[in-house]
Structures are given as C-alpha cells and as structure tokens.
Amino acid sequence: MRSLGIEGAWALEPKVFPDDRGSFHEWYRGAEFREATGYDLSLAQANCSVSRWGVLRGVHFSDVPPGQAKYVTCLRGAVLDVVVDLRVGSPTFGRWEALRLDDDSHHALFLAEGLGHAFMALTDDATVVYLCSTGYAPEREHGVHPLDPELGIAWPEHIPPVLSEKDAQAPSLAEAREAGLLPSYEACRALKGRREPRDGPQ
C-alpha cells in the first residue's frame with residue numbers, strides 16, 4: 001500500500017493477473033494491511049452504491065469518537081475518489097487528494113477515522129463498495145459541501161455534478177468548523193493510539 005500525502009490515507013495498487021478467462025487480484029490482505037497502515041480493519045458494515053455519470057456523493061464524515069474508517073474500491077466503471085482532511089488541528093487540515101478507482105486498475109483507498117470521503121461517477125453504473133469500521137448512525141453522520149470553493153476540489157470540469165438534496169445543502173468547511181461539527185486531530189490520534197498493538201502480554 002502507498003501512503004498518501006494526508007496522514008491516515010493509503011492507496012492500494014494491486015497486481016492484476018489477466019488471462020483469457022478474465023482477471024484476478026487481491027484487494028485485501030490483513031497482515032500486509034496492518035503492516036502498512038498500523039490499523040486493523042474492523043468490519044462492521046459493507047456498502048455498495050451504483051451511480052450514473054456525474055453523480056457526486058460526499059464529502060461525508062462521522063463524529064470521532066467512534067468515527068468510521070472506510071476501505072473503498074470500484075467494481076464496475078470508474079469514479080474519481082477523494083479524501084479530505086477535516087481534522088481541526090491537523091497539519092494538512094483542508095487538504096484533499098484524489099485517486100481514480102476503476103474496474104481496470106482495481107485500485108482501492110483506505111481512509112482512517114476523521115477524514116472526509118467523496119467521489120464522482122466518471123461512467124454510468126459506477127459501482128463502488130466500501131467496508132466500514134462502524135455501522136451507519138444518522139445522528140453521527142455529517143457532510144461538507146463538495147463544491148465549497150475553500151476546499152477547491154478539482155472535479156472534472158466537463159462533467160456537470162449531480163448532488164443529492166442533502167449534499168447540496170451541506171455546510172461549507174468554514175461553516176462546519178464554526179458549528180463544531182468537524183472532528184479534532186487530537187481525538188483522531190487518540191483513537192488510533194488506543195487501537196495500536198502494544199508489545200508484551202496483554
């Protein structure tokens with residue numbers, strides 16, 4: 001796995017083995033995942049979304065604690081997947097990174113608790129699956145507007161974004177911060193510290 005420029009975000013770029021039957025790749029190996037990221041991927045929920053061309057979902061995040069880590073890949077079609085650092089106090093607060101996920105490269109993205117997640121469908125029937133460390137809890141779920149100029153995410157200019165009513169009404173980064181909705185960097189680091197393995201008998 002390759003660490004991205006935002007702490008807590010990694011990209012998986014697996015080796016794909018194609019033949020005349022199709023292809024094969026490994027998109028998760030527990031030992032390698034833990035060694036690279038320092039996280040154990042605790043699976044509480046698995047989601048699948050199908051989006052038509054131009055659909056833009058996010059930027060979504062959860063309260064920390066407990067937070068929600070996500071491991072995301074695209075099984076059909078292609079999306080531009082974006083991770084946003086929403087942790088107040090983080091050295092990279094407000095920064096974003098984008099990764100194309102598609103059914104050819106089979107790349108995947110892991111983002112730790114406290115990071116925001118969004119993606120835009122670059123094809124029709126873009127099918128995204130994501131493994132989540134905690135279950136869905138509406139009272140803990142929040143969003144930041146994906147077209148907020150302060151974030152300045154470089155969505156494809158030739159694709160008109162299609163947003164849900166909820167995402168279209170999401171606050172800007174500044175508004176979310178002022179309302180106290182954003183997670184703190186300190187709380188996210190404390191959460192990770194509690195989950196890191198310790199040497200010696202337990």
Side-chain angles (χ1 to χ4, degrees), residues 1-16 23 25-51 55-62 64 67-87 90-123 125-136 141-144 146 151-156 159 161 167 183 185 188 191-192 195:
M1 298 189 72
R2 175 172 60 88
S3 177
L4 300 181
I6 295 173
E7 179 187 345
W10 286 266
L12 172 73
E13 299 169 341
K15 185 173 183 180
V16 180
S23 69
H25 72 283
E26 297 174 337
W27 81 288
Y28 176 72
R29 289 174 60 91
E32 287 83 350
F33 181 90
R34 286 190 296 273
E35 182 179 356
T37 68
Y39 285 82
D40 270 314
L41 186 60
S42 176
L43 177 59
Q45 184 170 319
N47 300 329
C48 177
S49 71
V50 181
S51 304
V55 166
L56 175 53
R57 300 180 187 266
V59 178
H60 299 151
F61 67 99
S62 300
V64 178
Q68 187 181 69
K70 296 177 182 177
Y71 190 52
V72 188
T73 194
C74 183
L75 297 181
R76 180 179 181 184
V79 299
L80 183 68
D81 205 89
V82 175
V83 56
V84 183
D85 192 347
L86 301 177
R87 302 166 300 188
S90 167
T92 54
F93 175 74
R95 180 174 168 181
W96 58 270
E97 291 217 20
L99 183 68
R100 179 186 169 100
L101 305 181
D102 58 45
D103 57 12
D104 181 45
S105 68
H106 299 290
H107 289 177
L109 176 70
F110 172 71
L111 55 153
E113 298 91 346
L115 297 177
H117 179 243
F119 65 84
M120 173 181 273
L122 305 179
T123 63
D125 295 326
T127 303
V128 173
V129 294
Y130 39 110
L131 311 180
C132 304
S133 65
T134 57
Y136 176 68
E141 306 295 326
H142 307 285
V144 169
L151 286 179
I153 299 173
W155 301 110
I159 303 180
D167 287 343
Y185 183 58
C188 294
L191 183 64
K192 182 178 186 297
R195 293 184 176 178

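Numbering starts at 1 and runs along the sequence shown.
Closest non-hydrogen pair, Trp10 versus Ala36, comes out as NE1-O, 3.5 Å. Here the shortest heavy-atom pairing between Gly135 and Ala44 reads N-CB, 3.8 Å. Considering all non-hydrogen atoms of both residues, Ala118 and Gly58 come closest at CB-CA, 3.9 Å.
From Leu151, atom CG reaches atom CZ of Arg95 across 13.5 Å, with rounding to the nearest 0.5 Å. Here the straight-line distance linking atom CD of Glu141 with atom CZ of Phe61 works out to 9.5 Å at 0.5 Å rounding. Taking CG of Leu80 as the start and CZ of Phe119 as the end, the distance is 11.0 Å to the nearest 0.5 Å. Note that OH of Tyr39 and CZ of Phe110 are 6.0 Å apart. Values are rounded to the nearest 0.5 Å. For the atom pair CZ (Arg76) and OG1 (Thr123), the distance works out to 8.5 Å, reported to the nearest 0.5 Å.
Side chains of Gln45 and Gln68 form no contact here, defined as non-hydrogen atoms less than 4.5 Å apart. Residues Val79 and Arg57 have side chains not in contact (no heavy-atom distance under 4.5 Å, counting atoms from C-beta outward). Looking at His117 and Asp81, their side chains come closer than 4.5 Å, going by heavy atoms from C-beta outward. You'll find the side chain of Pro156 reaches within 4.5 Å of the side chain of Leu122, heavy atoms only. Counting only heavy atoms from C-beta outward, the side chains of Asp102 and His107 never approach each other to under 4.5 Å. Proximity of Asp85 to Leu115: side-chain heavy atoms (C-beta onward) are separated by under 4.5 Å at one or more points. Side chains of Val82 and Val59 form no contact here, defined as non-hydrogen atoms less than 4.5 Å apart. No side-chain heavy atom of Leu99 sits less than 4.5 Å from a side-chain heavy atom of Glu97.
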- side chain to side chain contact (heavy atoms under 4.5 Å, CB included) between Asn47 and Cys132, worked out: CA-CA 8 Å; Asn47 300 329; Cys132 304; 3.5 Å; yes
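Looking at Val144, Leu111, Ile153 one by one, the single match for side-chain contact (heavy atoms from CB on, under 4.5 Å) with Val84 turns out to be Ile153. Applying side-chain contact (heavy atoms from CB on, under 4.5 Å) to Leu109 and the options Thr73, Leu4, Leu12 leaves one that passes, Leu4.
A donor-acceptor pair is defined here as one N or O able to donate and one able to accept, closer than 3.5 Å; no such pair exists between the side chain of Thr127 and the backbone of Cys48. Put simply, the side chain of Trp155 never gets that close to the backbone of Leu56: no donor and acceptor are under 3.5 Å apart.
Applying the side chain to side chain donor-acceptor pair (under 3.5 Å) test to every pair with at least one member in residues 28-38, sequence neighbours left out, gives these pairs: Glu26-Arg29, Arg29-Glu32, Arg34-Asp40.
For Trp27 and Tyr71, the distance between ring centers is under 6.0 angstrom.
Ring orientation note: the planes of His25 and His106 are close to parallel, at an angle under 30° on the 30°/60° scale.
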